[in-house]
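Just so we're on the same page: letters track the sequence lines, and every chain starts at 1. Everything numeric here is computed off the predicted structure, so don't read it as measured data.
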2 protein chains.
Amino acid sequence: MSDPIALSRDPIAEARRHWQDRGWTAAAEGMAAVTSIMRTQQILLARIESVLKPHGLTFARFELLALLSFAREGALPMNKASARLQVHPTSVTNSVDRLERAGLVRRAAHPGDGRTKLVEITGQGRNVVERATLELNGTVFGNPGFSAPELDRLNQMLGKFRRDAGDFVDTRFPI
Amino acid sequence: MSDPIALSRDPIAEARRHWQDRGWTAAAEGMAAVTSIMRTQQILLARIESVLKPHGLTFARFELLALLSFAREGALPMNKASARLQVHPTSVTNSVDRLERAGLVRRAAHPGDGRTKLVEITGQGRNVVERATLELNGTVFGNPGFSAPELDRLNQMLGKFRRDAGDFVDTRFPI
DNA sequence: TATTGTTATACTCTATAACTATA
DNA sequence: TATAGTTATAGAGTATAACAATA
């Protein structure tokens, strides 16, 4: 962005007032919350990408690298990576292409299934993701702009939301 | 997405455990919350866009139309729209191009400043945004997946976050 | 037949730089 | 000189469809 000037009033609070004025009371709070989540995501993503850029990573590629670094043998089938990251298979293909060109991952044959390809993190990939993670931890993740109780509430609320949305099946957030 | 299969375990909770195991305790909760916000935004955006698609709108274009529908005279200078929507000027140019081609907005000269152009919503634009809003209110905004107290907490927390991030200057969230 | 992954293609939003017109 | 907006260009993620190889 060229000049992210601070507005004198919260545009989302203003929109909520307009919703109220129109009589859309039942949807006003939801509209405000949803829009706030959108904007918060945008702010956080910008911070993350500015940290990752010097490491030659985008957030999508960082997430893939981090996932692989935690996997057994540092490798996963493409479709497992796609499922775990909740992204489209073609997005994984694209990410792996870039990461492979940068020498951070490599493709390997699956021992049991000839259709399947494994993505495997390289030693260089481990170094890069380790350094990037430490810097992210020291900046965004370690100082996200929410207090400890707020983080707790967020993780609880959003965890429940994601479960209800069908992201995963889990019993730690009982219905 | 082709097959958004529900995972058996929450991938974000799993990542948090890995963070803990590595000793990145101070950043674990923040990482989980930030990642949860990212994923929640993705889910909500997908719902919104699926509602808007039959109306010929994306979320970015809907937001612009909604902003104009609340503006005096239904018109705003391009740079005001850019500031209020927190998007790059070229993004506004692009959105206005598409909306203008669809007959939902028009460009007009600014009476006092020859450099400035106004974006003005058309009657057709008002009809479209009204119908789209009602449908969004009846689905996503009116039923966002959070309880009323949760919405309240979210609006409070994210409002404060956005203010601290420099999005706007306001006194309703005192430091 | 079904599944895995790739390719080709297309459409978002985003961003920088160069440019025109106006102040 | 500074500002408003556009254009050109590029990059990102996302998505569908067609395809090859394998099960």
Measure from the side chain of [X], starting at C-beta and using heavy atoms only, and say which of [options] lies closest.
| X | options | result |
| --- | --- | --- |
| A:His88 | D:dT16, C:dT4, D:dT7 | D:dT16 |
| B:Met78 | D:dG13, C:dT14, D:dT6 | D:dT6 |
| A:Asn79 | C:dT4, D:dG13, C:dA23 | C:dT4 |
| A:Thr93 | C:dG5, C:dT3, C:dA21 | C:dG5 |

Contact nearer the 5' end of DNA chain D, comparing A:Phe59 with A:Gly114: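 Whichever sits nearer the 5' end wins; that is A:Phe59.
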A:Thr58 vs A:Asp113, nearer the 5' end of DNA chain D by closest nucleotide: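 So the residue in question is A:Thr58.
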Could you check whether the side chain of B:Thr90 and the base of C:dA15 have a donor-acceptor pair of N or O atoms closer than 3.5 Å, going by distance alone?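 Yes, a donor-acceptor pair under 3.5 Å.
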For [X] and [N], give me the distance from atom [atom1] to atom [atom2], rounded to whole Å.
| X | N | atom1 | atom2 | result |
| --- | --- | --- | --- | --- |
| B:Arg98 | C:dC13 | CZ | C1' | 10 Å |
| A:Leu64 | C:dG5 | CG | P | 13 Å |
| B:Asp97 | C:dC11 | CG | P | 15 Å |
| A:His110 | D:dA21 | NE2 | P | 20 Å |
| B:Met38 | D:dT14 | CE | C1' | 17 Å |
| A:Leu45 | C:dA15 | CG | C1' | 14 Å |
| A:Lys117 | D:dA21 | NZ | C1' | 9 Å |
| A:Arg107 | C:dT7 | CZ | C1' | 12 Å |

Are side-chain heavy atoms of A:Ile43 and B:Phe161 found at a separation under 4.5 Å?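 Result yes, sub-4.5 Å side-chain heavy-atom pair found.
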Under 4.0 Å between any heavy atoms, over every strand shown, what does A:Gln42 touch: base, sugar-phosphate, or nothing? Just pick one.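 Here A:Gln42 touches the backbone only, sparing every base.
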B:Ser91 near the nucleic acid: base, sugar-phosphate alone, or nothing, with a heavy-atom cut-off under 4.0 Å?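 Base: the residue B:Ser91, judged by heavy atoms under 4.0 Å, touches a nucleobase.
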Below 30° counts as parallel, above 60° as perpendicular, anything between as tilted: where do the rings of A:Trp24 and B:Phe70 land?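 A:Trp24 vs B:Phe70 ring planes: perpendicular.
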Select from A:Lys80 and B:Asn94 the residue whose nearest nucleotide in DNA chain C is closer to the 5' end of that strand.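 Final value for this comparison: A:Lys80.
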Is the closest basic N to carboxylate O distance between A:Arg107 and A:Asp97 below 4.0 Å?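 Yes, A:Arg107 and A:Asp97 are salt-bridged.
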Look at the side-chain N and O atoms of B:Arg115 and state whether any lies under 4.0 Å from the OP1 or OP2 oxygen of D:dA2.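 For B:Arg115, the contact criterion (side-chain N or O under 4.0 Å from OP1 or OP2 of D:dA2) is not met.
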So, does B:Thr139 use its side chain to make a donor-acceptor pair with the main chain of B:Glu135 at under 3.5 Å?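 Present.
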Residues A:Gln20 and A:Arg17: side-chain donor-acceptor under 3.5 angstrom: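 Distance-only check fails for A:Gln20 and A:Arg17.
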